[in-house]
Amino acid sequence: MADNRYDPHEIEPRWQALWARERTWEVANESGASGSSEPRAELPGRDAAERNSYVLEMLPYPSGEPHIGHLKTYSVGDAMAHYRRRLGRRVLHPMGYDSFGLPAENHAIKTGVHPRISTAESIDSFRRQFHQWGISIDWSRELATHEPSYYRWTQWIFLELFRAGLAYRKEAAVKWCPKDQTVLANEQVTAEGRCERCGALVEVRQLEQWFLRITDYAERLLADLDQIDWPEHVKTMQRNWIGRSEGAEVTFRSEELGIDYPVFTTRPDTLFGATFFVMAPEHPDVLRLAAGTPDEHRVHEYVNHALTESNEERGNAERPKTGMALGRTVVNPVNGEAIPMYVADYVLMEYGTGAIMAVPAHDERDHAFAQAFGLPIRRVIAGPAGEGDDGTGEQGLPYTGDGPLINSHPDFDGIDSREARSVIVAWLDREGKGHASVNYKLRDWLVSRQRYWGTPIPILYCDRCGMVPVPEDQLPVELPDIEDYTPKGRSPLAAAEDWVNSTCPTCDGPARRETDTMDTFVDSSWYFLRYCDASNDAAAWDPAALREWMPVDQYIGGVEHAILHLMYARFFTKALADLGHLDFQEPFQALFTQGMVTKDGSKMSKSRGNVVSPAAIIDRVGADTARCYILFVGPPDQDADWSDEGVEGVHRFVGRLWRLSAETAERAGGPSAGLRSPIVSDEGDDLTLLRKTHWAIDKVTGDLRRFAFNTAIAAVMELVNEVSRLRDSASLETLRFALGTGASLLFPFAPHVSADVYDRLTGERVWEQRWPEAEEALLERDVYELVCQVNGRVRDRVQASSDASPETLKDLCLAAPNVQAHLDGREVVKEVVVPGKLVNLVVR
RNA sequence: GCCCGGGUAGACAAAUUGGCAAAGUCAGCGGACUUAAAAUCCGCCGCUCGCAAGGGCCUGCGGGUUCGAAUCCCGCCCCGGGCACCA
């Protein structure tokens, strides 16, 4: 007997080498725009958009080595890519690296090693491991965002946005470490408001910075969520982040100063209950208003104090309300009442207009403030059961619900508050004192970073001409090499004097370069477009290439990117579409978010010492086992706990499939072509095994459609176990069919062993086979209806395709003997005893 | 406090969405092979009453709808994640 030991270290490199040699996973653009030079295949009947499929996983940030989370993401994505290929699609499945970013720069500050060097090392390590995992990547389209050939086009997009007025400069607060002389990212600030590196107290500084006008797109970013096939919880998070609220803008006038102050409110129906007015400490008019009043000095102190408080302090809702009277009044436009003005830190400058009308009877925070400062509280909405009819009682306040208006105005009293909202807004509009308005929580995107390792912002400052964009033919603005990455009170790029000093393209006079670089989220907001035409050096892409592939059919990544990355990429897509560069509105048609991998119930981290390295696992059991296990351990959208014992179980299963197949091939005297369902006439073990095989086909293809990889793998395990039990009693032909089918079904999860087994049994390449019931084929078949009757009543109907053999139908009906079924009008089977479970009858 | 998830054998889970609860994997127990071990293969594996055949009870807890509920509805308990002065 030959040495039938499953040896992944022999099998896996062999197939990987073949796939690399034959460039199996490369797909050419039919427009000839880019990609590989594979001759175009003529596939009749359907156009490219339908035949092509774009499967994409979020690109990795290359730092150190890939971890288990990467293994999970790319195992899920690869399974989807293979699944779609085997439905007959041409699948684009590329890979790249999000290679700019803070960790490489910090490493450089510490060691002096240029980020380009350490990044290249990490990329090599990622690429090597992805090859070892056997992921089916079109390597001809590989990219890295730190390469000038890529960021040249990031800069081009920035300039397009700039010309369209979507990129602009304004002052904004940054966190600043006075000791390190540098801007800090939020994650570099400790909970106590100290610099994570040196422990100094973090300060706030105002800097002129670049913003992208994502708020212009708030409405469309919200509305178009309805058009995409994303998990509902992700859509909910995006909706909440955009934070649309409808209400009214109402003008309160300061008669003393002759200034109008608009406020935004969602409750114009409570306007008659406004008894004071509050401004945010950051509001530019606060100090002006307080000027000349007795408390001017104390207002100053309050504002300064509020500005230096950390978010943690200010964000605490339980904290007592604080504030200062400004000694001025504004007029409530609905009743002409002069109400006092305050400044208080519970009002935020970023939301609405930075000032509010306070209605203590009907808002919790206003109520708390009124109580703390002894301000009047006037009820203007009656509660249920006539509560608060006279408007004087304190019971049930603050009341934030709805009810009839009271104590307002004879014209409005008695109207239900829901209706009163629009009635009062209409009245304000007529009087010129306000109008209906919509507000969003979404804020413009700050893209400036005072960092070295990022895409340079392609802008020049000329004394004569002002701000000048770098002309397109001078792109890319390359990142200069510098000696010292340590920040010294300005962006590290400012130290590269030769680079900073340049020439104005308009007047040829001296000009200085922008020294801020871009947020790395900018780099990753368009990379999916670049893959479609990755080696184009005349343009960011050829529109014909995008038409072939975009939008991404299936996007896959961690839920931690549910808001920022996914929102920014959608914004870029819409903005570029408006500029005429794209003809679609959404980048990712379908999204799958996979769960975290934990160890012993908690997140893997170096400090906990519970990190599992994919490389170590693969050394021990091979890539197929590792990939299969990570998908088998639980539903892939949920968190999963890594267990070394569980890995052993999957390893045993993969080995069992391989050994059984090697043994079967040997007994058969070598591979025989094709894999056709054998004819089985009698009842017996052959029929049992055949049924199991058909069941597995149905189960796995169904499960793949809904990402239930764990149960798909379990079904193959069950099939293999059945083969093992029946290996001495079933015919060789049936064993071959069952094992070959099992291997074929396993291909998306364990490609190497699957390819090896299939090759042994049939001499054919498993990835060139189509699923027995490809969706397309199914659509083209005639369909019959199986009618299920229980106790004479029609319970349900299922559809069976016409090319299901009578034997198969009979098998299925026998398997569910309690169901009476009709095929094409003819009664096929028998009596109902106990209601059977109908779906068992589906034939695909 | 609000918004999402989730709660099924000792552990991870399945139940194709209202149709025989617990497929599959791990752990555990027993057996075959072996001088032995490993590897491999076979069998058992929710609780309970019973010598047995067989019966009763089981999806966090309590109710409801239904011929039929892990699944739908109402109330409660627990766990995880996110948001938190958003006018």
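Just the heavy atoms: all of them, side chains too, but no hydrogens, waters or symmetry mates, feed the values below. By convention in this document, chain letters (A, B, ...) are assigned in the order of the sequence lines, proteins followed by strands, and residues within each chain are numbered from 1. Model, not experiment: these values are computed from the prediction.
Side chain of E718(A), nearest nucleotide from G24(B), C41(B), A87(B): G24(B). For M717(A), the side-chain atoms get nearest to U25(B) when compared with the rest of U25(B), A87(B), U40(B). The listed nucleotides are A87(B), C12(B), C41(B); the one nearest the side chain of V633(A) is C12(B). Between G43(B), A87(B), C85(B), one nucleotide has an atom nearer to the side chain of D345(A) than all others, and that is C85(B). Side-chain proximity of S245(A) to the nucleotides C85(B), A87(B), C42(B) is greatest for A87(B). Side-chain proximity of N721(A) to A23(B), C4(B), U25(B): nearest is U25(B). Residue R659(A) places its side chain closer to U40(B) than to any other of C4(B), U25(B), U40(B). Nearest nucleotide to the side chain of L348(A), out of A87(B), C4(B), A23(B): A87(B). Among the nucleotides U16(B), U40(B), G24(B), the one closest to the side chain of R706(A) is U16(B). Picking from G24(B), A13(B), A87(B) the nucleotide with the shortest atom distance to the side chain of A714(A) gives G24(B).
Distance noted for atom C1' between C74(B) and A69(B): 15 Å (whole Å). Atom name P, nucleotides A15(B) and C20(B): the rounded distance is 13 Å, in whole Å. Rounded to the nearest Å, the gap between the P atom of G75(B) and that of C57(B) is 29 Å. Using P as the reference atom, A37(B) and C45(B) are 26 Å apart when rounded to the nearest Å. For the P atoms, the distance from G62(B) to C58(B) is 9 Å, rounded to whole Å. Comparing the C1' positions of G63(B) and C77(B) gives a spacing of 15 Å, expressed to the nearest Å. Remark: the separation of the C1' atoms in C47(B) and U59(B) is 14 Å, to the nearest Å. The same atom, P, is picked in G10(B) and in G5(B); the two are 28 Å apart, to the nearest Å.
Spacing between atom CD of E364(A) and atom C1' of A84(B) amounts to 13 Å, rounded to whole angstrom units. Taking atom CD of E232(A) as the reference point, atom C1' of C4(B) lies 11 Å away to the nearest angstrom. Distance, E663(A) CD to C41(B) P: 11 Å, rounded to whole Å. Rounded to an integer number of Å, the gap from CD of Q638(A) to C1' of G81(B) is 12 Å. To the nearest angstrom, P of C26(B) lies 14 Å from CD1 of I713(A). Rounded to an integer number of Å, the gap from Y440(A) OH to A87(B) P is 14 Å. Per the geometry, CG belonging to D639(A) stands 15 Å off C1' belonging to A13(B), to the nearest Å. Taking atom CE on M596(A) and atom P on G6(B), their separation rounds to 16 Å, with Å as the unit.
Phosphate proximity of C26(B) to R652(A): present, with a side-chain N or O under 4.0 Å from OP1 or OP2. Put simply, S724(A) has a side-chain N or O that comes within less than 4.0 Å of OP1 or OP2 on C42(B). Residue R5(A) places none of its side-chain N or O atoms closer than 4.0 Å to OP1 or OP2 of U40(B).
Here N710(A) lies in heavy-atom contact (under 4.0 Å) with sugar-phosphate atoms only. Residue-level contact check: G649(A) touches the backbone only, with heavy atoms under 4.0 Å from sugar-phosphate atoms and none from bases. Note on R239(A): nothing from the nucleic acid sits closer than 4.0 angstrom, heavy atoms only.
Side chain to side chain, Y440(A) and S245(A) fail the donor-acceptor criterion of an N or O pair below 3.5 Å. A side-chain N or O of D703(A) and one of T711(A) form a donor-acceptor pair less than 3.5 Å apart. For the residue pair E722(A)/T688(A), the side-chain donor-acceptor check at 3.5 Å is not satisfied.
Nucleotide C33(B) has no partner under the Watson-Crick or G-U criteria, as no pair reaches both atom distances under 3.5 Å. Base-pair partner of G80(B): C4(B) (Watson-Crick or G-U wobble, both distances under 3.5 Å). The pairing partner recorded for C57(B) is G46(B), the criterion being a Watson-Crick or G-U wobble arrangement whose two distances lie under 3.5 angstrom. With both pairing distances under 3.5 Å, C12(B) is matched to G24(B) as a Watson-Crick or G-U wobble pair.
Taking the six-membered ring where the residue is Trp, F252(A) and F277(A) present tilted rings, their angle falling between 30° and 60°.
Two rings, from W230(A) and F592(A), have their centers 6.0 Å or more apart. Taking the six-membered ring wherever Trp is involved, the centroid distance between the rings of F632(A) and F653(A) does not fall below 6.0 Å.
Nearest-nucleotide assignment on RNA chain B puts the 5′-proximal partner with T236(A), out of S643(A) and T236(A). Map V650(A) and D703(A) each onto its nearest nucleotide of RNA chain B; the residue landing nearer the 5' end is D703(A).
Annotation: cation-pi geometry satisfied between K321(A) and Y346(A) (NZ/CZ under 6.0 angstrom from ring centroid, within 45° of ring axis).
In this entry the base of U17(B) is syn relative to its sugar, with a glycosidic angle within 90° of 0.
The pair K441(A)-E350(A) does not meet the salt-bridge criterion, since no charged nitrogen lies less than 4.0 angstrom from a carboxylate oxygen.
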